[in-house]
Amino acid sequence: MRQIPSALLATAALAVTLVVPALNAAASRPGGTTRPGDSRPAASPAPDAQRYSALQGRSDTGQGDGDGIRRSPDGPHTPGSADTRRGTSSAPPPSSRDASAAFPSGRCALPGPTTGVSEAAATPGGYVRANGRVRALTVLIDFPDVRAGISPRARYGEFFPAAPRFFRESSHGRLDYRSTPVLKWIRMSRPLPSYRIERGTSFNPASENGYYALAKEVVRAVDREVDFRTYDLVNVLVTPEAGPPATENVWSVTFSGGPLGLKTGDGTSLKNVSFIWSRQTGPSAYRVLNHENAHSFGLPDLYFTDGRADAHPVGHWDPMDVDWGPENDFLGWHKWKLGWLAPKQVDCVHRAGSVSTHRLTAAAVPGGTKIAVVPVSRYRAYVVEARRTGPLDPTACRPGVLVYRVATDVPSGKGPIRISDATPKSAGCFHKDPNVRAGLTDATYRPGQTFRADGITVKVLEDRPAAADVDHDATDAFRVRITTPRRH
């Protein structure tokens with residue numbers, strides 16, 4: 001769940017729980033708006049099914065064989081041409097997983113919960129691996145009392161190909177996200193109110209209402225033309241006229257992490273499903289889908305869901321906190337967790353009483369060391385990374401070094417990551433968009449500044465921006481010195 005400022009559409013991670021209601025409560029936000037985003041666990045076969053959050057999927061129409069649409073001799077069953085249905089991604093097309101990247105391992109790969117979304121380095125089974133090619137099925141639904149006022153192509157175009165492009169750029173090509181749309185409005189059999197959908201509605205196979213009822217009708221409508229076995233996740237785009245405006249409440253949700261208690265005609269158990277409601281505004285309104293799909297990848301919500309006034313401990317430094325307004329890149333810890341960093345791009349600073357120097361390149365730069373991780377306990381570490389203004393970081397108005405604490409034992413929605421603000425009394429440096437939490441935009445440490453906590457010292461020594469005619473990897477870096485205590 002998340003709070004929402006102006007007219008933004010936020011998605012919530014759908015997690016299927018048998019009889020468990022919503023996992024998170026809506027968080028309050030200054031200005032009276034509520035935030036979207038709900039990450040919920042899939043139901044376990046056991047009666048005491050555990051609750052855990054869900055994440056987002058992918059979007060970019062895939063090209064090539066095996067797009068999951070069954071065909072007759074007369075051609076595809078879905079409306080539209082093959083080019084429309086199967087767009088082309090500009091990312092390199094990895095056939096499996098990118099060998100140059102690796103999922104976290106070693107002393108700095110902190111353990112955590114073995115079920116549900118969390119900041120633990122290892123993601124439990126049942127979620128989608130975000131490295132390599134990911135295939136999403138995207139369908140659109142409306143209701144007899146709330147009929148779509150736009151074409152299926154127009155609604156689909158609000159998210160694609162922008163969402164896959166974001167994943168491609170943020171992962172430096174390591175995530176090849178492909179979406180295959182069923183370009184028609186699937187009309188539900190009953191009026192919207194009869195499904196009793198609201199913020200926190202569950203995916204309960206024992207109920208005739210809620211998200212299980214919607215998903216059952218979706219599967220029935222496309223089962224004869226779609227091979228669900230070929231997809232990693234499912235996106236359900238609801239007509240934007242349905243439900244409350246995003247400025248008032250956000251219903252978007254993701255159910256992920258395991259089977260949801262609904263099987264398709266292929267014998268496949270439906271899982272990792274995101275429902276996207278309402279509509280956000282601005283040039284990057286599509287990112288509610290990225291947020292929701294990231295739940296399917298195993299990432300938790302970073303914002304607080306307990307109603308506190310300061311609900312955003314990370315702000316615009318990661319879309320798992322704020323996914324509206326201008327674009328924002330993922331934190332380096334998340335990129336490591338998702339398999340988007342090569343082993344040599346992570347410095348693990350685990351030796352007690354050590355003094356080490358590190359050259360960190362910004363997220364927008366393809367190569368170089370991205371993060372330095374300093375563990376302080378079994379479940380906690382400080383992460384140091386460089387950020388400067390770039391294609392996915394337009395609000396990084398103060399280039400510098402970002403320092404944040406990761407707590408893998410803190411649940412989703414309870415602040416598992418907290419940014420250290422280098423200028424806590426400042427009003428920030430980015431004020432062009434009201435959807436950006438300005439106070440944290442200048443949280444980075446500049447040369448000469450020092451961060452201290454838990455016996456750790458991080459001193460920024462130098463900023464070397466890239467020259468136009470030289471190799472970025474060699475010049476575009478911040479140099480930092482990290483001193484660890486004699487005992488962690």
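None of the values given here were measured: they were computed from a predicted structure.
- Side-chain contact, Lys271 with Ser256: no donor N or O sits under 3.5 Å from an acceptor N or O.
- To the nearest 0.5 Å, the span separating CG on Leu175 from CD on Glu169 amounts to 12.0 Å.
- Within the cation-pi definition used here (under 6.0 Å to the ring centroid, within 45° of the axis), Arg153 does not qualify as a partner of Tyr156.
- In this structure a side-chain-to-backbone donor-acceptor pair under 3.5 Å is missing from Ser278 to Pro240.
- Remark: the backbone N or O of Ala362 is paired with a side-chain donor or acceptor of Lys370 at under 3.5 angstrom.
- Residues forming a side chain to side chain contact (heavy atoms under 4.5 Å, CB included) with Glu241 (at least two apart in sequence, or on another chain): Val146, Thr239.
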Steps toward side chain to side chain contact (heavy atoms under 4.5 Å, CB included) verdict (Arg129, Phe103)
CA-CA 10 Å; Arg129 283 174 63 98; Phe103 290 90; 2.8 Å; yes
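- Considering CZ of Phe297 and CG of Leu233, their distance stands at 6.5 Å, rounded to 0.5 Å.
- Take Phe143 and apply the ring-ring contact (aromatic ring centres under 6.0 Å, His included) test, not counting sequence neighbours, and it matches Tyr195.
- Here the straight-line distance linking atom OH of Tyr231 with atom CG of Asn272 works out to 15.5 Å at 0.5 Å rounding.
- With rounding to the nearest 0.5 Å, the separation of OG in Ser412 from CE in Met320 is 7.5 Å.
- Looking at every heavy atom in both residues, Gly428 comes nearest to Ser426 through N-OG, 2.9 Å.
- A salt bridge does not link Lys335 with Glu385: every distance from a Lys NZ or Arg NE/NH1/NH2 to an Asp or Glu carboxylate oxygen is 4.0 Å or more.
- By the 4.0 Å N-to-carboxylate-O rule, Asp442 lies too far from Arg398 to be salt-bridged with it.
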Verdict with reasoning, Ile419 to His312, per side chain to side chain contact (heavy atoms under 4.5 Å, CB included)
CA-CA 10 Å; Ile419 297 288; His312 304 288; over 6 Å; no
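- Tyr211 is not listed as a side-chain neighbour of Lys216, based on a closest heavy-atom distance of 4.5 Å or more.
- Considering all non-hydrogen atoms of both residues, Thr361 and Gly367 come closest at OG1-O, 2.7 Å.
- Residue His172 holds its NE2 atom at 8.0 Å from CG of Leu341, rounded to the nearest 0.5 Å.
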Passes salt bridge (charged side-chain N to carboxylate O under 4.0 Å, His left out), Glu248 versus Arg199? Steps please.
CA-CA 11 Å; Glu248 298 176 6; Arg199 182 109 173 122; over 6 Å; no
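- Contact annotation: the side chain of Val139 never approaches that of Pro181 to less than 4.5 Å [non-hydrogen atoms, C-beta and beyond].
- In terms of modelled atom types and a separation under 3.5 Å, the side chain of Ser171 and the main chain of Phe167 share a donor-acceptor contact.
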Residues Arg155, Glu158; criterion salt bridge (charged side-chain N to carboxylate O under 4.0 Å, His left out); working and verdict
CA-CA 5 Å; Arg155 179 61 166 164; Glu158 293 178 7; 2.6 Å; yes
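- For residues 142-152, every residue pair satisfying the salt bridge (charged side-chain N to carboxylate O under 4.0 Å, His left out) rule, not counting sequence neighbours, is listed here: Asp142-Arg187.
- In the model, Glu327 has a side-chain atom that pairs as donor or acceptor with a side-chain atom of Tyr286 under 3.5 Å.
- Within the 4.5 Å cutoff, side-chain heavy atoms of Ile141 are placed close to those of Val236.
- Between Thr408 and Pro113 the shortest heavy-atom distance is O-CD, 3.3 Å.
- Between Glu225 and Val182 there is a side-chain heavy-atom pair separated by less than 4.5 Å.
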Let me see the working for Phe330 and Trp340 under ring pair (Phe, Tyr, Trp, His ring centres under 6.0 Å), right down to the final yes or no.
CA-CA 11 Å; Phe330 281 104; Trp340 296 352; 5.7 Å; yes
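- Two residues are said to be in side-chain contact when any heavy atoms from C-beta on lie closer than 4.5 Å; Trp317 and Thr444 meet this criterion.
- Considering only heavy atoms from C-beta on, His316 comes within 4.5 Å of Pro326 through its side chain.
- The ring-ring contact (aromatic ring centres under 6.0 Å, His included) test applied to Tyr404 returns no partner, not counting sequence neighbours.
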Run the side chain to side chain contact (heavy atoms under 4.5 Å, CB included) check on Ile417 and Asp318 step by step: do they pass?
CA-CA 10 Å; Ile417 291 181; Asp318 192 285; over 6 Å; no
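- Listed by chain and residue number, Phe203, Leu262, Leu270, Phe275 satisfy the side chain to side chain contact (heavy atoms under 4.5 Å, CB included) test with Ala215 (two or more places apart in sequence, or in another chain).
- Arg287 places a side-chain N or O within 3.5 Å of a backbone atom of Gly325 that can act as its donor or acceptor partner.
- Smallest separation of non-hydrogen atoms from Thr441 and Arg437: CG2-O, 3.7 Å.
- Put simply, OG on Ser194 and CD on Glu208 are 10.5 Å apart, with the number rounded to the nearest 0.5 Å.
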Stepwise side chain to side chain contact (heavy atoms under 4.5 Å, CB included) test for Val218 and Met188:
CA-CA 8 Å; Val218 168; Met188 299 293 95; 4.1 Å; yes
Determine whether Asn328 and Arg387 satisfy the following criterion, side chain to side chain donor-acceptor pair (under 3.5 Å), listing intermediate values before the conclusion.
CA-CA 11 Å; Asn328 49 348; Arg387 298 288 283 263; over 6 Å; no
With salt bridge (charged side-chain N to carboxylate O under 4.0 Å, His left out) as the test, would you mind laying out the steps for Lys414 and Asp301 before giving the verdict?
CA-CA 8 Å; Lys414 302 296 183 181; Asp301 285 317; over 6 Å; no
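- Between Ile150 and Trp185, the closest side-chain pair of non-hydrogen atoms falls below 4.5 Å.
- Annotation for Leu402 and Ala443: closest pair CD1-CB, 4.3 Å, computed over non-hydrogen atoms.
- Counting only distance, with no hydrogens or angles, the side chain of Asp266 and the backbone of Asp227 share no donor-acceptor pair below 3.5 Å.
- By the side chain to side chain contact (heavy atoms under 4.5 Å, CB included) test, Pro399 pairs with Arg388, Arg446, Phe478, sequence neighbours left out.
- Residue Pro300 comes nearest to His334 through the heavy atom pair CD-NE2, 4.5 Å, listed as atom of the first residue, atom of the second, then distance.
- Looking only at side-chain heavy atoms (C-beta outward), Trp251 and Pro244 come within less than 4.5 Å of each other.
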